[in-house]
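Here is the naming used below: chain letters follow the sequence lines, and residue numbers restart at 1 for every chain. Computed from a predicted structure; not experimentally measured. Hydrogens, waters and symmetry mates are skipped; everything else that's a heavy atom, side chains included, is used.
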Protein chains: 2
Amino acid sequence: MRSAKPKVIDVARLAGVSTATVSRVLNDPSMVSEATREAVQKAVQDTGYRVNRAARNLRTNRSRTVLALVPNLSNPFFSNILSGLERELNASDYSLLVTDSSDVTLSSDQLQRYISAGQADGLIILDGDIDQRELEALQAVLATVPVVFACEWVEGFACPSVRADNSEGIRMLVDHLWELGHRRFGHVAGPSTNVLSRKRQEAFAKFVRIRGGDLRQAWMLPGNFSIEAGKIAAKKVATLQNGPTAWICASDQIAFGLIAGLTDAGVKVPDDLSVTGFDNIEMTEVFNPPLTTIHQHRNKMGNEAARQLLHQLKGSHKVINEPTVMPVYLVARKSTGPVTQARV
Amino acid sequence: MRSAKPKVIDVARLAGVSTATVSRVLNDPSMVSEATREAVQKAVQDTGYRVNRAARNLRTNRSRTVLALVPNLSNPFFSNILSGLERELNASDYSLLVTDSSDVTLSSDQLQRYISAGQADGLIILDGDIDQRELEALQAVLATVPVVFACEWVEGFACPSVRADNSEGIRMLVDHLWELGHRRFGHVAGPSTNVLSRKRQEAFAKFVRIRGGDLRQAWMLPGNFSIEAGKIAAKKVATLQNGPTAWICASDQIAFGLIAGLTDAGVKVPDDLSVTGFDNIEMTEVFNPPLTTIHQHRNKMGNEAARQLLHQLKGSHKVINEPTVMPVYLVARKSTGPVTQARV
DNA sequence: TGCGGCCATGTAATCGATTACATCTCCTCC
DNA sequence: GGAGGAGATGTAATCGATTACATGGCCGCA
C-alpha cells in the first residue's frame, strides 16, 4: 500500500508536467498533445491516482450525483425503477443517492439538505403525493437544479416527467374484457390522492362509457393499492346482486386481495367473475389463477428518466415539459374469461 | 430568492463574529458561549445558510455518505433492507448512495470509484456472491473504510455482519412439519454459490438428521431463488415414487413455482404434499394456498447494519467481527398440513 | 500585584482539485 | 520580416468550509 493517496501534483511530477495539464488530460483530453496525454495517463496508472471528489465538487460546484426521492423504499414497486435509474446514471459517471420521501416530511428541509448543500445536481421524484407546502419548496428547488418525475407525477407542475400510458392500459383491459363478452364493469381504485390511481379510474370510466358499457358509481369502489383493500372490496363485491361480471383493479395487489376474498366467499375467478390487475409484478404469473394485467417497463422508465435528467445536466437546457409516455402491454392470463352465460 | 447562496462569511458578518465561530456553532456548539451561539443560530436562520458539503468534505476528508452494494436492485427482496438502512443513516445525517454490484463488475474499479475518490465513508454490502479477485480488492478497501455485510456475507471474511438466523428458520420448519407427522423431507435449494442457500441447505440436512428423518441426496434438488426453479423442481417432484411428503424450499419464490408446477401436474398442496418457503415476502399471504414460511425482519436488519457501520464511523473502533444474528419467526399458513395417511 | 491557566474568539493556513490568464512556440500570410 | 493567431502548457487564484495556532480577557491564588 502506498502510504498516502496520490494527488494531482504527484501525477504531475511523475509525468513531468503541471497540475493544470494533468487536470486537462482527465477532463478534456483533446486539449492536450498526444505525447503529453499518454505520459500523463501512464503516470495516473502508475500512481493509482483517483480524483478527490470533494475537491472537484468544490471547485466545479457540481456533485455528479443525483437524488432519487422514493415514496416508500420498501415497496418493491420502486426497486425496478431505481435499478433503471442507477444503470443509466452510472454509465455517465453519476452516482445515485436515495431517500425515502415519507421518511422525514420531505418538505423544504429534506430537500434543502441535499440540494442547497450541493449534495445533488438533480432530482428524480418517484412520488406524486406531494402536498401543497412541499410543492412550494419544490418550485424553489426547480429554479436551482433540474427535476424529473418518474412513474408518478404532480398535475399542473411544469416539469419533465416519464410515465406509463395508464389510460391506454385501462383501455386494453376494457377491450379485452369486452371481447370476452363482459358488459358490466367494476373498478377497485387506488388511493384517491394518487395520480396513477386517478388516471386509471378516469380511464376506466371513459372507456367503459365509450364502449357503451354499463357504468355505475356503486360499482366503483374506493381502495388503496394494497392487498387488504382488495380483500375489503371483495366483501362488497360478493354481496352485489346482478353486479359487474368483470372487475378492473388499480393494482395487482388489489386484484390478489380481491380474488383471495372472493375465493373465501365461494366466488370463483374466472368462472364466476373476471378480475384484472395493473403492473404485472413478478408474482402475477404464479398466482392462482394467473392474473391478467398490464405490464409496464419500469426499468426502462428509470432509464428514460435518468436520460432526461442527464440531458438537462449536460447543459442543453431545452427542457421538454411534455410528459414522456411509455407504452404498456396487455398480459392476458387466466383470471379473465368469457362472461358466464348465467350472469350476462 | 437571495441572489447568491450565503456562505459562512455572510453568516459571520451578520452575527458579528468570525467564520471560525460560526463553524464552531455548527459543529460543536459547546465550545461557544451561549450568547454568541444564539446570535449565530439566528444569523443562520436569517440568511438561510446551508453548509456546502463539498467544502466540508474536502476539509474534513469525510463525505458523511455510505455506499450500499446491492446485488440486484430490481429484486424486491433488497428494497426492505435498503429502507432500513436509509432510515437509520438519515437519522445520523448520513446519506445513502446505492449501486448495483452486478452492474459493472464490482471489482476494484467500481469500489475505488467510490472509496478512493472519497465519495463514501463506509460500505454496506448486501451481496455475498463476491469472487476471489473482488475479495482482494475488498480486503484493501477494508483497510481504508469500515465495511458491514447485511443479510448475505462472505465466509471467512473478517468483517462485521448482520444476518438472519437461517439455520433456526429451517429448524422451525422441520419441527413444524415433523409435528404434522411428516417423516420424509425434500429440499429445493437456492444457487449453490449463495451463502444463504448453502446455510439453509446445511441446516436442512442437519435438522432432518437430528430429528431422525429420512434424508436422501435424491431429495435435495438444485435450484436458484426463482419461481422458474420451483417449476423445474416440480417436474421432478411429481414423478417421485414414495418421495418426501414435505418440501422445504430455500425461498418463497421457489415455493410458488413448485406449488404452481405441482398444481398443473394434478398434485394438491397441502392435501398431497406440504410445501414451505423462506422470507415471507408480501405475496405469501394471498397465494393460494397461503404459504407457510419464515419471516425475517429485513427492515430491522437494515437498521442494525447501519447502526453498526455508524458505530465504527463515529470512532469507537472496537469492531465486532462476530456476526449479529437476528431472530426469525415461523409463519404457519395453509401450504402445510398433516401428512396424508395414504402417503405416510 | 502578578502569574498561570482557562475560556471564548479571531486569524489565516489548509484540504485538492479546476481554470482564468499568461506565456511561449511555431506557423501563416501579407 | 513581422504581425497575428492557434495550440500547448505553466502559474497561481479559487471554490467554501474547518481548524491549528494566536490572542485577549478574566479569574483565582500566592
Whole angstrom is fine here: how far is it from CZ in A:Arg53 over to C1' in C:dC15?
17 Å
Those residues that, when tested against B:Ser33, pass side-chain hydrogen bond (donor to acceptor under 3.5 Å, both in side chains) (two or more places apart)
B:Thr36
Quick one: do the A:Arg62 and A:Thr60 side chains pair a donor with an acceptor below 3.5 Å?
no
In this structure, how many angstroms lie between the C1' atom of D:dC15 and the CG atom of A:Asn61, rounded?
8 Å
note: A:Gln119, atom CD; D:dA17, atom P; distance rounded to Å ~ 14 Å
Can you check whether A:Thr60 has a side-chain N or O nearer than 4.0 Å to OP1 or OP2 of C:dT18?
no
Side-chain N,O (A:Tyr49) to OP1/OP2 (C:dA17) below 4.0 Å
yes
Let me know the distance between CZ of B:Arg37 and C1' of C:dT9, rounded to the nearest Å.
14 Å
Test item: B:Lys7 and B:Asn52 side chains (from C-beta on) under 4.5 Å apart, heavy atoms:
no
In whole angstrom, what separates A:Arg62's CZ from C:dA17's P?
19 Å
Looking at residues at least two apart in the chain, or sitting in another chain, which of them share a side-chain hydrogen bond (donor to acceptor under 3.5 Å, both in side chains) with B:Ser95?
A:Gln119
Short of 4.0 Å, heavy atom to strand atom, which residues of residues 24-36 of chain B count as contacting DNA chain D?
B:Arg24, B:Asn27
At a heavy-atom distance below 4.0 Å, what parts of residues 13-20 of chain B sit against DNA chain D?
B:Ala20
Below 4.0 angstrom, N of the basic side chain to O of the carboxylate: do B:Asp93 and B:Arg53 qualify?
yes
No-H, no-angle donor-acceptor pair, B:Arg59 side chain to C:dT14 base, under 3.5 Å:
yes
Nearest whole Å is fine: how far is D:dA17 C1' from A:Asn52 CG?
14 Å
For A:Arg298, which residues count as a side-chain hydrogen bond (donor to acceptor under 3.5 Å, both in side chains) partner, sequence neighbours excluded?
none
Of all heavy-atom pairs linking B:Val51 and B:Tyr49, the shortest is CA-OH, 3.3 Å
Distance in angstrom units between B:Asp10 CG and D:dA17 P, rounded
9 Å
Could you pull out every donor-acceptor pair under 3.5 Å between side chains of residues 76-84 of chain B and any protein atom, sequence neighbours left out?
residue: B:Ser79; atom: OG; partner: B:Pro76; partner atom: O; Å: 2.6

Nucleotide C:dA12, atom C1' - distance to CD1 of B:Ile9 in whole Å
12 Å
Between A:Arg37 and A:Glu34, does any side-chain N to carboxylate O distance fall below 4.0 Å?
no
